[in-house]
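It should be emphasised that the depicted structure is a prediction, and the values quoted were computed from it without experimental measurement.
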Amino acid sequence: MTQKVAIVTAGGSGMGAATARRLSRDGYHVAILSSSGKGEALAKELGGIGVTGSNLVQDDVKRLVDLTVERWGRVDALVNSAGHGPRAAILDIPDEDWHRGLDVYFLSAVRAIRLVTPIMQAQKSGAIVNISTAWAFEPDAMFPTSAMARAGLAAFTKIFVDKYAPDNIRMNNVQPGWIDSLPATDERRQRVPMQRYGTSDEIAGTIAFLLSADAGYITGQNIRVDGGVTKSI
């Protein structure tokens with residue numbers, strides 16, 4: 001049986017790193033992109049491929065994808081994580097910061113998706129998960145550029161699956177709430193019905209499920225993993 005291959009962007013720490021570790025435990029070969037160098041160290045630990053670079057730079061993402069295909073010949077899974085974009089009061093955000101938010105939270109995913117989709121088409125299989133935010137549909141003034149760009153990512157996902165589902169390529173968004181990779185405050189914790197922060201490992205577990213055969217009929221969805229902070233009908 002062919003061992004599956006996963007690419008994780010922004011995977012040096014937090015939810016990205018937890019996902020890389022989980023997928024490695026689940027039997028995937030793992031390739032990791034990280035701007036800090038932590039991704040290379042983690043990839044070495046996991047016996048995978050690590051590239052120090054940014055998902056804001058197309059050439060860096062392409063280098064990781066090319067190395068992955070050169071070594072393992074396929075890409076079965078892509079997990080798009082992201083860094084942190086600009087934050088300010090909504091009318092204090094200048095044009096360049098809105099553009100930066102779009103780059104960090106939206107185009108960072110699109111760059112990798114453009115590169116892996118032809119590979120998955122040739123295989124007639126593949127699964128993509130984008131790490132989004134629980135506030136994409138119920139935006140909070142604390143994260144304006146994130147909410148704006150990730151609402152766009154949800155729309156992009158719907159359009160993508162209409163086009164590529166016939167090629168057996170699935171895409172879903174995971175929408176974390178307050179997670180332990182963020183600074184903890186009592187005020188934020190009290191806003192969560194479960195009265196706790198989620199863990200990066202819980203997000204990684206959700207992503208691993210969405211990439212698995214058990215989720216083979218799930219595509220085009222936005223899965224909230226937020227302890228009940230946001231509600232959907």
**Student:** When rounded to the nearest 0.5 angstrom, what is the spacing between CG in L33 and CD in E40?
**Tutor:** 9.5 Å
**Student:** Sequence neighbours excluded, which residues qualify as side-chain contact (heavy atoms from CB on, under 4.5 Å) partners of A6?
**Tutor:** L23, Y28, A77
**Student:** Indicate yes or no for a side-chain donor-acceptor contact from S24 to the backbone of R21 under 3.5 Å, with no hydrogens or angles considered.
**Tutor:**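 The answer is no, because no donor-acceptor pair under 3.5 Å joins these two groups.
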**Student:** Do T133 and R150 have side-chain atoms, one donor and one acceptor, less than 3.5 Å apart?
**Tutor:** no
**Student:** As an exercise, state the distance from CD1 of I131 to CD1 of I203, rounded to the nearest 0.5 Å.
**Tutor:** 7.5 Å
**Student:** Specify the closest pair of heavy atoms between T52 and G37, including all atoms of both residues, with the distance to one decimal.
**Tutor:**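 Scanning both residues, the minimum pair turns out to be OG1-CA, 3.5 Å.
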**Student:** Taking distance alone, no hydrogens or angles, what donor-acceptor pairs closer than 3.5 Å link side-chain atoms of residues 96-104 to residues at least two apart or in another chain?
**Tutor:**
unit_1: W98; atom_1: NE1; unit_2: I93; atom_2: O; d: 3.3
unit_1: D103; atom_1: OD1; unit_2: R111; atom_2: NH1; d: 3.1
unit_1: D103; atom_1: OD1; unit_2: R111; atom_2: NH2; d: 2.4

**Student:** Rounded to the nearest 0.5 Å, how far does NE2 of H29 lie from OG1 of T2?
**Tutor:**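 So the gap between those two atoms works out to 9.5 Å.
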**Student:** Distance-only, no hydrogens or angles: does the Q123 side chain make a donor-acceptor pair with backbone N or O of R74 under 3.5 Å?
**Tutor:**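 No.
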**Student:** The criterion is side chain to side chain donor-acceptor pair (under 3.5 Å); which residues satisfy it with Q121, sequence neighbours excluded?
**Tutor:**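 Only D167 meet the side chain to side chain donor-acceptor pair (under 3.5 Å) criterion with Q121.
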**Student:** Judged by atom type as modelled, is there a donor-acceptor pair below 3.5 Å linking the side chain of N55 to the main-chain atoms of T9?
**Tutor:** no
**Student:** Hydrophobic cluster membership, with links at side-chain heavy-atom distances under 4.5 Å among I/L/V/M/F/W/Y: are V61 and V69 in one?
**Tutor:** yes
**Student:** After noting the C-alpha distance and the side-chain angles of N130 and V174, does the key distance pass the side-chain contact (heavy atoms from CB on, under 4.5 Å) rule?
**Tutor:** CA-CA 6 Å; N130 306 307; V174 166; over 6 Å; no
**Student:** Which pairs with one or both residues in residues 112-149 pass ring pair (Phe, Tyr, Trp, His ring centres under 6.0 Å), sequence neighbours excluded?
**Tutor:** W135-F143, W135-W178, F143-W178
**Student:** Would you say that I218 contacts F209 through its side chain, given a criterion of any heavy-atom pair below 4.5 Å between the two side chains?
**Tutor:** yes
**Student:** Short question: side chain of Q3, backbone of G27 - any donor-acceptor pair under 3.5 Å?
**Tutor:**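 It does hold such a pair.
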**Student:** Is V79 reachable from L64 through a run of I, L, V, M, F, W or Y residues, each pair having side-chain heavy atoms under 4.5 Å apart?
**Tutor:**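 No, L64 does not connect to V79 through the hydrophobic network.
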**Student:** Check whether T145 reaches the backbone of P86 with its side chain - one donor and one acceptor, N or O, closer than 3.5 Å.
**Tutor:** yes
**Student:** Which residue pairs satisfy the side-chain hydrogen bond (donor to acceptor under 3.5 Å, both in side chains) criterion with at least one member in residues 182-198, sequence neighbours excluded?
**Tutor:** D140-R191, D186-R189, R196-E202
**Student:** Give a yes-or-no answer on whether the side chains of S200 and D180 include a donor-acceptor pair shorter than 3.5 Å.
**Tutor:** yes
**Student:** Using atom types as modelled and distance alone, determine if a side-chain donor or acceptor of N172 lies under 3.5 Å from a backbone N or O of V129.
**Tutor:** no
**Student:** Please give me the minimum heavy-atom distance between S108 and A82, naming the atom from each residue.
**Tutor:**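 Reported closest heavy-atom pair: OG-CB, 4.2 Å.
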**Student:** Any Lys/Arg nitrogen of K158 or D162 sitting under 4.0 Å from an Asp/Glu carboxylate oxygen of the other?
**Tutor:** no
**Student:** Nearest 0.5 Å please: distance from the CE atom of M15 over to the OG1 atom of T206.
**Tutor:**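 Reported value, rounded in 0.5 Å steps: 11.0 Å.
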**Student:** Heavy atoms only: give me the nearest L210-A127 pair and the separation to one decimal.
**Tutor:** O-CB, 4.5 Å
**Student:** Would you say I223 ends up clustered with I169 if hydrophobic residues are merged whenever their side chains have heavy atoms under 4.5 Å apart, either directly or through other cluster members?
**Tutor:**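 No, I169 does not connect to I223 through the hydrophobic network.
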**Student:** Measure the shortest side-chain to side-chain distance between T199 and I179 over non-hydrogen atoms and say whether it is less than 4.5 angstrom.
**Tutor:** no
**Student:** Looking at G50 and A43, what are the two nearest heavy atoms and their distance?
**Tutor:** N-CB, 3.4 Å
**Student:** Please find the pair of heavy atoms, one from A151 and one from A136, that lie closest to each other, and give the distance.
**Tutor:**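 Closest pair (atom of A151, atom of A136, distance): CB-O, 3.7 Å.
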**Student:** Tell me if a side-chain donor or acceptor on T219 pairs with a main-chain N or O of M171 at a distance below 3.5 Å.
**Tutor:**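 Yes, the answer is positive, given that a donor and an acceptor are paired below the 3.5 Å cut-off.
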**Student:** Taking all atoms of both residues into account, what is the closest heavy-atom pair of Y105 and A149, and its distance?
**Tutor:** CB-CB, 3.5 Å
**Student:** To the nearest 0.5 Å, tell me how far I32 CD1 sits from T68 OG1.
**Tutor:** 10.0 Å
**Student:** Is there a salt bridge (Lys or Arg N to Asp or Glu O under 4.0 Å) between D66 and R63? Walk through the geometry before answering.
**Tutor:** CA-CA 5 Å; D66 288 348; R63 182 156 52 102; over 6 Å; no
**Student:** Is it true that V30 and V75 fall in one hydrophobic cluster, defined by side-chain heavy atoms closer than 4.5 Å?
**Tutor:** no
**Student:** side-chain hydrogen bond (donor to acceptor under 3.5 Å, both in side chains) between S125 and N168: does it pass, once the steps are laid out?
**Tutor:** CA-CA 5 Å; S125 67; N168 197 31; 5.1 Å; no
**Student:** Is it true that a side-chain atom of Y164 and a backbone atom of T117 form a donor plus acceptor pair closer than 3.5 Å?
**Tutor:**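 No, because the side chain of Y164 does not come within donor-acceptor range (under 3.5 Å) of the backbone of T117.
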**Student:** Evaluate the criterion side-chain contact (heavy atoms from CB on, under 4.5 Å) for residue pair R224 and E138; output intermediate values, then yes/no.
**Tutor:** CA-CA 11 Å; R224 302 182 190 191; E138 296 182 31; 3.2 Å; yes
**Student:** Mind checking what makes salt bridge (Lys or Arg N to Asp or Glu O under 4.0 Å) contact with R170, not counting sequence neighbours?
**Tutor:**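 Result, salt bridge (Lys or Arg N to Asp or Glu O under 4.0 Å) vs R170: none returned.
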**Student:** Going hydrophobic residue to hydrophobic residue with side-chain gaps under 4.5 angstrom, can you get from L46 over to I49?
**Tutor:**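 In one cluster with L46: I49, no.
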**Student:** Using modelled atom types and a 3.5 Å cut-off, is there a donor and acceptor pairing between side-chain atoms of D226 and backbone atoms of P176?
**Tutor:**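 Such a contact is absent between D226 side chain and P176 backbone.
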**Student:** To the closest 0.5 Å, what do you measure between CD1 (I207) and CG (D26)?
**Tutor:**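 It comes to 12.0 Å.
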